[in-house]
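Below is one structure, written out as structure tokens; the observations come after it.
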Amino acid sequence: MNIRLLAGAAAIAAAAVLAYGGYQLLPQGPALTRSEVIGELDGPPLAAHARADLYRYGERQLLVGTMSKASWDPAGLARAQVLDADEPGLQALARGQRAAMAQTGAVDGGQDKADAPDPAVSAFAASGARSLVYSGDGTGVFTLRASIAADAGAGLVGTPQGRTLFLVTEALHRSGQDQPQAAGGVFRSEDRGLRWSYDAQVALGAPERRALFLSETRAVALEPREGGERLLYTEDGARRWQAATIMEQVWPDAGAYGKAFDAQAERTRGLGQADRLAYRWSLYPLGETQAVGWSWRVRVKTGTDAPQLIETRRFEIAFQDGAPPAFRIQQAAAPAPFQDAFAASRTDAGGALRQASGGQIYQLDPASREWHGVAAAPLLRGAPSRIGRAWFGREGWMVLACAELLFSPDGGTCAYFHTRDQGRNWRPFQLSPGQEDGLLGLDEAGEGVLALALREGRTAILRYPLD
């Protein structure tokens, strides 16, 4: 009798666990079904499942996305600048490809044609995708302005207010011996993306790709190096960069601390532990002459990428014309959020800089140089969550929150949430796989989700109101 009772109780408990686990995995919130077309791309469609980024500079909007090789449209591309024709590395690869094709009889192999720059051939010389640049001026029509081979994507770097824009590209081609060759460059626009020109003097590859422009000519960037982080800075619009050893400024005790840490790690290595010491960094602009950043000394435990914080320090950088940057270091700084490499930090239309990190949203106070927690991540089926991505508008915010639930897959269970009151109340909603594939983020007001969708062979920009 007791065995039957125990078996029955176990069955009831197992059923309850399964039911609760299934409940946790149910989608949260309503699906977004109502939409309106607010824009259309006047050019070749962007590839499905390819991330596109929308940049706003006043009334001018720029959309940078990827077109797959399968959907190449030579006639459509020819309506705008084919930037491959201006980049020396891509031109050399295009000539080599044309010469190889001539040997096989695929094209007429005249020497003059093999050596001549050929934009049509160059445009299709890449082994992978192309990046497209569209611009809109508030009328809803986004006009194709340029395209370039960029397997690794194209990044847009701009000066304040977008007066000067730089398109940083990287492509991987294959030579006649099927050996990969890298090519790419920097293209400048001084009319907010209408026309682009190759600028061989500007250095904006990695790590300068993520440079912060404080003014039209001054920019800063962080460069990770084996011997410690360096600050890169330029005063002439990214043509010549200088370096300062910021690691020594912020962590002068790094050498001694590292030796003590390694000695301790060696004593615990026999217990199956192999913790390592690491330093993380962030950097943000504070006007034309100042920048501020944080550095964290962390312990990374065996088998996990989640760092354990040891100490936080803040550094302030001040620039004066004709002089090296001056540093001001604050030890034992107030807590600060890690800077997300995938751009979970955003400056909204009002100029407020916010950063999502872990289960919190922070806002930077420029006066005190301190971060303040302004909202907690929403609960996901009653469980605390972490924020994977965040978008901020004037009147509303949107986050993708993830949590480890009972039957969560690798990476956790994730859901979208929206708030109109700065995180006091979160409302969940669902995006279909197609909506997620074309997701651009929030509209400027923060009251609607923007997504790309293919309609009758053209790419439309849809707005889904968050009522």
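On a predicted model such as this, the values are computed, not experimentally measured, just so you know.
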Main-chain N/O of [Y] paired with [X] side-chain donor or acceptor, under 3.5 Å:
X      : Y      : answer
Asp199 : Phe187 : no
Gln249 : Ile329 : no
Trp426 : Val399 : no
Arg218 : Glu288 : yes
Arg314 : Arg369 : yes
Gln264 : Phe261 : no
Gln430 : Gly29  : yes
Arg145 : Val133 : no
Thr245 : Met247 : no
Gln339 : Leu283 : yes

Checking side chain to side chain contact (heavy atoms under 4.5 Å, CB included) for the pair Leu83/Tyr198: CA distance, chi angles, key distance, verdict?
CA-CA 8 Å; Leu83 299 181; Tyr198 178 67; over 6 Å; no
Taking the side chain as everything from C-beta on, heavy atoms only, tell me whether [X] gets closer than 4.5 Å to [Y].
X      : Y      : value
Leu466 : Arg427 : yes
Tyr57  : Arg163 : no
Phe319 : Gln290 : no
Trp251 : Ile246 : no
Tyr134 : Val141 : no
Glu370 : Gln363 : no
Leu62  : Leu156 : yes
Leu380 : Phe417 : yes

Worked verdict on Glu216 versus Thr159 for side-chain hydrogen bond (donor to acceptor under 3.5 Å, both in side chains)
CA-CA 6 Å; Glu216 286 298 306; Thr159 62; 2.8 Å; yes
Nearest 0.5 Å, please: how far is [atom2] in [Y] from [atom1] in [X]?
X      : Y      : atom1 : atom2 : result
Leu194 : Ser135 : CG    : OG    : 5.0 Å
Leu431 : Leu32  : CG    : CG    : 5.5 Å
Arg354 : Leu364 : CZ    : CG    : 11.5 Å
Leu439 : Leu452 : CG    : CG    : 9.0 Å
Ile310 : Gln308 : CD1   : CD    : 7.0 Å
Leu442 : Arg463 : CG    : CZ    : 9.5 Å

What about the rings of [X] and [Y], do their centers lie closer together than 6.0 Å?
X      : Y      : result
Phe429 : Tyr464 : no
Tyr233 : Trp241 : no
Tyr284 : Trp371 : yes
Trp281 : Phe338 : no

[X] with [Y]: basic N within carboxylate O range, under 4.0 Å:
X      : Y      : answer
Arg60  : Asp137 : no
Arg280 : Glu229 : no
Arg297 : Asp253 : yes
Glu447 : Arg394 : no
Arg79  : Asp42  : yes
Arg195 : Asp191 : no

So which atom in [X] and which in [Y] form the shortest heavy-atom distance, rounded to 0.1 Å?
X      : Y      : result
Thr459 : Pro45  : OG1-CA, 3.2 Å
Leu277 : Gly258 : CD2-CA, 3.9 Å
Gly237 : Val202 : O-CG2, 3.9 Å
Ala154 : Leu167 : CB-CD1, 3.8 Å
Phe327 : Ala244 : CZ-CB, 4.1 Å
Gly136 : Phe142 : N-CD2, 3.7 Å

Given ring-ring contact (aromatic ring centres under 6.0 Å, His included), test Tyr279 with Trp296 step by step and report yes or no.
CA-CA 5 Å; Tyr279 294 87; Trp296 301 267; over 10 Å; no
Which is it for Arg299 and Glu311 under the salt bridge (Lys or Arg N to Asp or Glu O under 4.0 Å) test, yes or no, and what are the steps along the way?
CA-CA 10 Å; Arg299 179 195 306 271; Glu311 185 181 354; over 6 Å; no
Let me see the working for Leu165 and Tyr55 under side chain to side chain contact (heavy atoms under 4.5 Å, CB included), right down to the final yes or no.
CA-CA 11 Å; Leu165 300 176; Tyr55 303 84; over 6 Å; no
Pair Ile317-Leu231, side chain to side chain contact (heavy atoms under 4.5 Å, CB included): steps then yes or no
CA-CA 10 Å; Ile317 308 169; Leu231 175 75; 3.8 Å; yes
Stepwise side-chain hydrogen bond (donor to acceptor under 3.5 Å, both in side chains) check, Ser147 with Arg130:
CA-CA 7 Å; Ser147 74; Arg130 297 187 63 75; 3.0 Å; yes
Distance-only side-chain donor-acceptor flag, Thr217 / Glu235, under 3.5 Å
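The answer is no; no qualifying pair exists.
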Determine whether more than 12 heavy atoms belonging to other residues, nucleotides or ligands lie under 6.0 Å from atom CZ of Arg328.
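No, the 6.0 Å shell around CZ holds no more than 12 heavy atoms from other groups.
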Give the intermediate values and the outcome of side chain to side chain contact (heavy atoms under 4.5 Å, CB included) for residues Ile387 and Leu400.
CA-CA 6 Å; Ile387 298 174; Leu400 176 63; over 6 Å; no
